[in-house]
Amino acid sequence: MAMQKFNLPDPGEGLTEADLVTWRVAVGDEVKVNDMVVEVETAKSLVELPIPFAGTVVELLASEGDTVEVGSPIIVIDTGGDAPADPDGGSAESGESGQTPSSEGGDESSGPNLVGYGAKAGSTKRRARRGGAKGAAQPGPAGDSPEAGAEPQAAPPTPSPDPERAPEQATGERARALAKPPVRKLAKDLGVDLASITPTGDGGVVTREDVQAAASASPADGGSSQDSQRTASRAGDAPEQTRVPIKGVRKRTAEAMVASAFTAPHVTEFITVDVTATMELVERLKGDKAFRDTKVTPLLVVAKALCLAIRRNPEVNASWDEDAQEIVYSRDVNLGIAAATPRGLVVPNIKAADAMSMRELADAMAELVATAREGKTTPADFAGGTVTITNVGVFGVDTGTPILNPGEAAILAFGAVRRQPWVVQRDGVESIEPRWVTQLALSFDHRLVDGELGSKVLADLAALLHDPGQALVWA
Amino acid sequence: MSDKDVAEDRAANADMRSAFDTSAAGPRPPSEITGHYSSDNPDMVQFVDADGNRLETTEANAPYAQIVEDMTSQDAREIYRDLVLVRRIDAEGHALQRQGELGLWPSLLGQEAAQVGAGRALKPQDYAFPGYREHGVAWCKGVPPENLLGMYRGVNHGGWNSNENNFHLYTIVIGNQMLHATGYAMGVQTDGDVATGDPERDTAVMAFTGDGGTAQGDYNEALVFASVAAAPVVFFVQNNQWAISEPNEKQFTIPPYQRSRGFGIPGVLVDGNDPLATYAVSVAALDRARSGQGPTLIEAYTYRMGAHTTSDDPTKYRSDAEVEIWREKDPIKRMRGFMEERGHAEPDFFDEIDAEADEIAARIRHACQTMPDPPQEAMFDHIYAEPHPVTERERAEFVEYQESFVQEGAH
């Protein structure tokens with residue numbers, strides 16, 4: 001009696017499994033070589049498989065509907081007698097160089113293989129090098145990092161494991177964790193030591209799911225240093241890095257900032273100014289009937305003052321047209337206000353802000369910010385700005401070096417207004433008093449705004465905020 | 001316009017305007033292509049019907065009728081034997097792939113007559129340049145089928161010594177071999193092995209490709225060179241109607257046998273499932289090449305009954321009904337019918353051939369399963385025709401590297 005097992009071959013190229021659709025034979029049936037015994041469906045096609053043996057069907061090892069891995073035995077045939085009709089059959093051993101095929105071949109299961117199943121199970125393992133070879137590390141879980149495969153291993157002291165016993169190795173004294181290359185890479189990326197994982201895949205293979213489970217179970221599994229322990233102890237389930245696609249407002253902001261920063265040569269000037277008079281004005285206006293139901297803020301006064309400063313220095317209200325090789329001077333001051341919104345930073349502008357009364361300007365600013373926060377700002381509101389204010393002071397910050405809104409010649413950063421000691425001269429006597437002090441920073445496009453012009457704008461603005469009455473003088 | 005006319009046109013350097021006259025054989029809409037090949041196409045060379053009954057003489061088959069009439073019973077029996085054995089070898093290759101013994105197998109099922117007809121017409125000195133499905137031509141040229149299996153098992157690097165049987169290596173790159181064949185044929189001219197009148201010396205070359213190959217640049221370049229050089233080459237296009245999943249309509253709007261005229265090469269349309277017809281047109285074309293009259297293109301209209309290869313599933317792109325139509329035109333059935341009608345063989349003959357087929361199948365099956373893995377350093381053997389120091393150094397390094405491993409069995 002000679003029993004032959006027929007292993008599921010790869011009927012396509014590079015397939016790893018197939019669904020068993022229909023058995024064409026039953027136990028007890030007689031079969032001839034190449035009789036179609038089973039129909040299987042692979043990722044590519046529905047195919048019939050011919051049996052390589054003649055004899056009697058002894059056992060069907062898989063049921064219809066099963067998904068079978070390539071290389072797994074699916075049917076047992078009793079080929080009868082001492083001399084099987086087809087001794088080597090589908091055995092993986094039949095291709096062995098210089099070896100006569102032996103009848104034990106059919107009893108062995110061969111591993112999945114890209115093409116056919118000519119290779120032995122476990123043959124994808126790296127072979128052991130001779131004793132004298134480089135890299136004499138003893139194989140074993142300890143020295144078995146995912147990268148270990150790059151270094152050939154020395155011969156183990158015991159006879160090399162039978163390549164056919166791969167599944168046993170996996171559960172016992174594993175020589176090297178078994179895993180497919182993409183899974184090895186995943187483990188490497190996640191910092192998971194393959195050798196530390198208990199494999200669940202057939203044949204003791206570590207699966208993608210095993211690696212992912214190990215990675216989520218212990219984020220610090222990949223290392224034993226204090227660093228990784230500390231990292232593990234913090235933030236609970238929070239991942240070390242979160243990746244968010246660059247899109248929407250963030251993407252547009254980035255593009256605008258890059259375009260501006262690398263097109264317009266920026267100069268930023270600073271001035272520190274006593275704005276106590278402005279703060280007193282703000283307090284006064286809050287109680288003024290003219291400003292009922294609206295918000296009076298230091299920013300409002302700064303906005304108005306900037307418009308006046310630009311009126312005195314209209315050349316700053318301009319932009320650079322590279323394509324036309326022209327400098328474009330604008331009649332109106334279209335005042336942009338940088339607004340933080342849930343969707344990110346946006347800079348809508350108030351058209352002809354310089355033609356508005358302070359009350360009108362206050363209403364326009366309130367509306368602009370509200371519209372921006374609701375996400376209802378229209379493209380027209382973004383277009384045509386000539387100058388921008390960014391109110392970094394609301395964050396308690398003193399100043400910054402703002403980057404121009406593309407196409408504009410100047411941008412003002414308005415810092416926090418603080419009580420600070422200030423040298424005050426009264427009736428020829430100097431004294432140090434607590435005053436409201438702030439810093440203003442003006443960045444300008446140095447292609448069309450020289451230092452003199454930029455300085456005059458900033459100084460005029462500071463003068464107005466120091467003494468709002470100056471407006472009467474200039475108006 | 002017949003092929004003879006085309007040849008005369010060439011010889012007489014006729015008015016080129018006639019070559020561009022599309023009224024006779026102009027492009028047809030794709031939907032008419034299939035109809036164009038119907039059996040009542042007057043261009044189609046056929047000698048037997050679906051049952052093997054000898055057909056009447058037509059304008060198309062008349063130039064070749066004498067070749068068929070001259071065939072002896074022995075010739076007929078040899079062709080029949082080839083058809084049956086080639087089909088059996090092919091079936092075994094397919095089964096071995098399905099049993100995991102081969103990585104791939106491209107079946108020739110249905111194309112036996114096209115290949116055996118062409119292969120039988122080749123003389124020993126003639127050189128064949130196959131694609132990868134020409135198992136029938138390989139058989140006729142004397143290449144042991146085991147070699148084909150070895151290649152698809154991946155235990156040799158191409159399969160055979162091309163010069164042993166004047167059968168070039170299988171070429172997987174579609175249509176590439178058309179250029180090789182044309183170049184070889186031009187070399188034959190340079191050697192003076194054309195039109196000497198010595199039947200043992202005059203040499204022809206035959207290049208095989210499919211309908212898909214006709215859409216390749218290499219194919220068209222080869223036709224240009226062959227035409228200009230009047231090279232002794234016969235282009236044998238097996239139009240099996242499917243370039244993997246692409247039908248003829250996606251390959252051309254004018255059939256290859258007509259398009260060849262544009263290259264100045266006579267084109268012949270032959271029923272690829274009629275072994276007498278494929279043999280006769282091949283004999284004529286090869287004689288023409290050997291005698292220095294230049295290239296011919298033969299379009300053998302046939303059908304690939306199986307999948308493109310074992311990795312393909314044709315049910316996804318064509319209907320079973322179409323396959324059934326072609327089952328009726330089976331070449332072996334037609335050849336047997338013809339032989340029985342003409343009394344070319346006794347009934348025992350057919351049984352003997354079937355038994356021989358089973359023996360060969362068992363022989364090559366066993367050979368395939370017991371093929372030794374090649375020494376790995378053999379990969380360096382045929383990189384250069386002559387010893388090469390770089391290759392030798394690489395081989396030595398490779399051997400040293402392999403020997404640094406602990407042996408686990410042979411490999």
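Here is how names work: the chains are called A, B, and so on, in the same order as the sequence lines, proteins then strands, and each is numbered from 1. Remember, it's a predicted structure, so these values are computed and weren't measured experimentally.
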(request) Answer yes or no: are there more than 12 heavy-atom neighbours, outside B:Glu324 itself, under 6.0 Å from its atom CD? (result) yes

(request) State whether the number of non-hydrogen atoms from other residues, nucleotides or ligands found under 6.0 Å of B:Lys333 atom NZ is greater than 12. (result) yes

(message) For a quick test of reading the model, state the closest non-hydrogen atom pair linking B:Asp313 to A:Leu46 and the distance between them.
(response) OD2-N, 3.6 Å

(message) For A:Lys185, I'd like to know if atom NZ has over 12 heavy atoms of other residues, nucleotides or ligands within 6.0 Å.
(response) no

(request) Determine whether the side chains of B:Arg365 and A:Asn34 contain a donor N or O and an acceptor N or O closer than 3.5 Å. (result) yes

(request) Mark yes when over 12 heavy atoms from residues, nucleotides or ligands other than B:Asp351 sit less than 6.0 Å from its CG; otherwise mark no. (result) yes

(message) Any side-chain to backbone donor/acceptor pair from B:Gln99 onto A:Pro9? Under 3.5 Å, distance only.
(response) no

(message) At a heavy-atom distance under 4.5 Å, which candidate from B:Ala95, B:Ala91, B:Ala361 has the highest pair count against chain A?
(response) B:Ala95

(request) Any chance you could measure A:Asp10, atom CG, to B:Arg98, atom CZ, to the nearest 0.5 Å? (result) 9.5 Å

